Amino acid sequence: MRNRFDEELEQLGCELIEMGAMIERAIAGAVKALLENDVAKAREIASLDDEIDHKERDIERRCLRLLLQQQPVARDLRLVSAALKMITDMERIGDQAEDIAEIVVLLGDKPAQHIDHIDEMARITIQMVSESIDAFVKKDLALVRAVITRDDAVDELFDHVKGELVRMIAQNPEEGEQAIDYVMIAKYLERIGDHATNIAEWVEFSMTGEHPSEGN
């Protein structure tokens, strides 16, 4: 019975990795579409979001089956419960990548503005997503802490982007509407960082039995 449960947990980890790879592709694809002014690429993200939603439902069914059939307790129960919480944040990350892609589509053929830090925000948030899921699979608390720390860097970059866009509006008021679109894109990336942090915190809960927010 225990061997069967361990196999199911291993498969759960594999599915989380697959879902994580999907949302990493969604973030990278949406930002690449923005930077290259590629509307066709942006439209591809919508279909990827459907795949992400489908994967979330598959993992949710697997978790519920484990809870009902295996009736895990203690740490095993925390692992499955944490996975259920994680996929909620992962699905929302997919939604926000799609939101970025939708803005790219709305921008249409307008020349892409070079905004410092947006591509760096994307790089860090993708790393945060990847490491938070690796932390779950590897049961690595050091990775959890690294993810949580990186959220400060994302917030700082968001502040830089806002400042840059304020200067853009001051110098070229006619570009104000486009600047607002870029602020929204940066905000979505900042929220993705928050969701990756949430995932990491649930990983910590699965290992320690304590959620970081409980200490606040």
Side-chain angles (χ1 to χ4, degrees), residues 20-49 52 88-134 143-201 212-213 216:
M22 289 178 183
I23 60 178
E24 289 167 32
R25 288 202 308 274
I27 301 165
V31 174
K32 181 178 175 66
L34 170 71
L35 297 177
E36 297 181 359
N37 199 29
D38 189 339
V39 173
K41 179 72 175 177
R43 289 197 173 102
E44 291 176 11
I45 304 303
S47 61
L48 184 55
D49 188 57
I52 292 168
T88 298
D89 280 293
M90 292 166 74
E91 189 273 335
R92 288 175 181 167
I93 289 172
D95 287 344
Q96 281 155 351
E98 184 182 22
D99 289 336
I100 293 171
E102 287 176 354
I103 292 176
V104 176
V105 173
L106 289 173
L107 287 170
D109 58 0
K110 293 178 184 176
Q113 296 288 338
H114 176 73
I115 305 297
D116 291 335
H117 309 303
I118 281 185
D119 52 347
E120 180 68 4
M121 287 182 76
R123 185 191 67 77
I124 296 176
T125 54
I126 289 170
Q127 184 178 16
M128 289 172 70
V129 169
S130 177
E131 290 185 348
S132 62
I133 297 166
D134 282 349
L143 270 180
V144 167
R145 301 286 162 73
V147 171
I148 293 171
T149 298
R150 284 197 183 90
D151 191 45
D152 290 337
V154 174
D155 292 342
E156 184 175 345
L157 287 168
F158 178 54
D159 289 338
H160 284 308
V161 170
K162 285 192 296 183
E164 186 175 355
L165 290 168
V166 167
R167 289 190 293 274
M168 177 193 294
I169 294 171
Q171 294 168 6
N172 302 287
E174 69 279 4
E175 295 180 355
E177 185 176 346
Q178 189 173 6
I180 291 171
D181 288 332
Y182 277 86
V183 169
M184 290 304 301
I185 288 168
K187 183 61 180 176
Y188 287 135
L189 288 170
E190 189 264 343
R191 289 296 297 139
I192 288 172
D194 290 342
H195 285 303
T197 300
N198 289 346
I199 294 168
E201 290 176 345
S213 65
N216 294 337

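This is a predicted model, so every value here is computed, not measured. Note that these values count all heavy atoms, side chains included, but never hydrogens, waters or copies made by symmetry.
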4.5 Å side-chain heavy-atom contact, Val161 and Val183: no
Beyond-backbone contact of Met128 with Val154, side-chain heavy atoms, under 4.5 angstrom: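 Yes, their side chains come closer than 4.5 Å.
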Set of side-chain contact (heavy atoms from CB on, under 4.5 Å) partners for [X], sequence neighbours left out:
X	result
Asp159	Lys162
Val104	Ala33, Leu34, Ala42
Ala179	Leu165, Met168, Ile169
Glu24	Ile126, Val129, Ser130

Grab the two heavy atoms, one from [X] and one from [Y], that are nearest each other, plus how far apart they are.
X	Y	value
Val147	Ala200	CG1-CB, 3.7 Å
Met90	Gly20	CE-N, 3.5 Å
Ile124	Ala153	CD1-CB, 4.3 Å
Leu107	Gln178	CD2-CG, 3.9 Å
Ala101	Ile45	CB-CB, 3.7 Å

Those residues that, when tested against Glu201, pass side chain to side chain donor-acceptor pair (under 3.5 Å) (two or more places apart):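 Expected list: none.
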Side chain to side chain donor-acceptor pair (under 3.5 Å) against Glu102, all qualifying residues, sequence neighbours excluded: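 Expected list: none.
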For [X], which residues count as a salt bridge (Lys or Arg N to Asp or Glu O under 4.0 Å) partner, sequence neighbours excluded?
X	answer
Glu44	Lys41
Arg43	none
Asp152	none
Arg167	none

Spacing of [atom1] belonging to [X] relative to [atom2] belonging to [Y], to within rounding of 0.5 Å:
X	Y	atom1	atom2	value
Gln96	Ile23	CD	CD1	10.5 Å
Ile27	Thr125	CD1	OG1	4.5 Å
Ile199	Ile93	CD1	CD1	4.0 Å
Arg145	Ile148	CZ	CD1	6.5 Å
Leu143	Asp134	CG	CG	6.5 Å
Glu91	Met22	CD	CE	12.5 Å

Glu174, CD: over 12 other non-hydrogen atoms inside 6.0 angstrom: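 Counting other residues, nucleotides and ligands, CD of Glu174 exceeds 12 neighbours.
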Sequence neighbours excluded, every pair satisfying ring pair (Phe, Tyr, Trp, His ring centres under 6.0 Å) that has a member inside residues 152-181: His117-His160
Could you tabulate the donor-acceptor pairs under 3.5 Å formed by side-chain atoms of residues 185-196, not counting sequence neighbours?
| from | atom 1 | to | atom 2 | distance (Å) |
| --- | --- | --- | --- | --- |
| Lys187 | NZ | Glu190 | OE1 | 3.0 |
| Arg191 | NH1 | Asp194 | OD2 | 2.8 |
| His195 | ND1 | Asp89 | OD1 | 2.6 |

Evaluation steps, side chain to side chain contact (heavy atoms under 4.5 Å, CB included), between Leu35 and Asp119: CA-CA 8 Å; Leu35 297 177; Asp119 52 347; 3.7 Å; yes
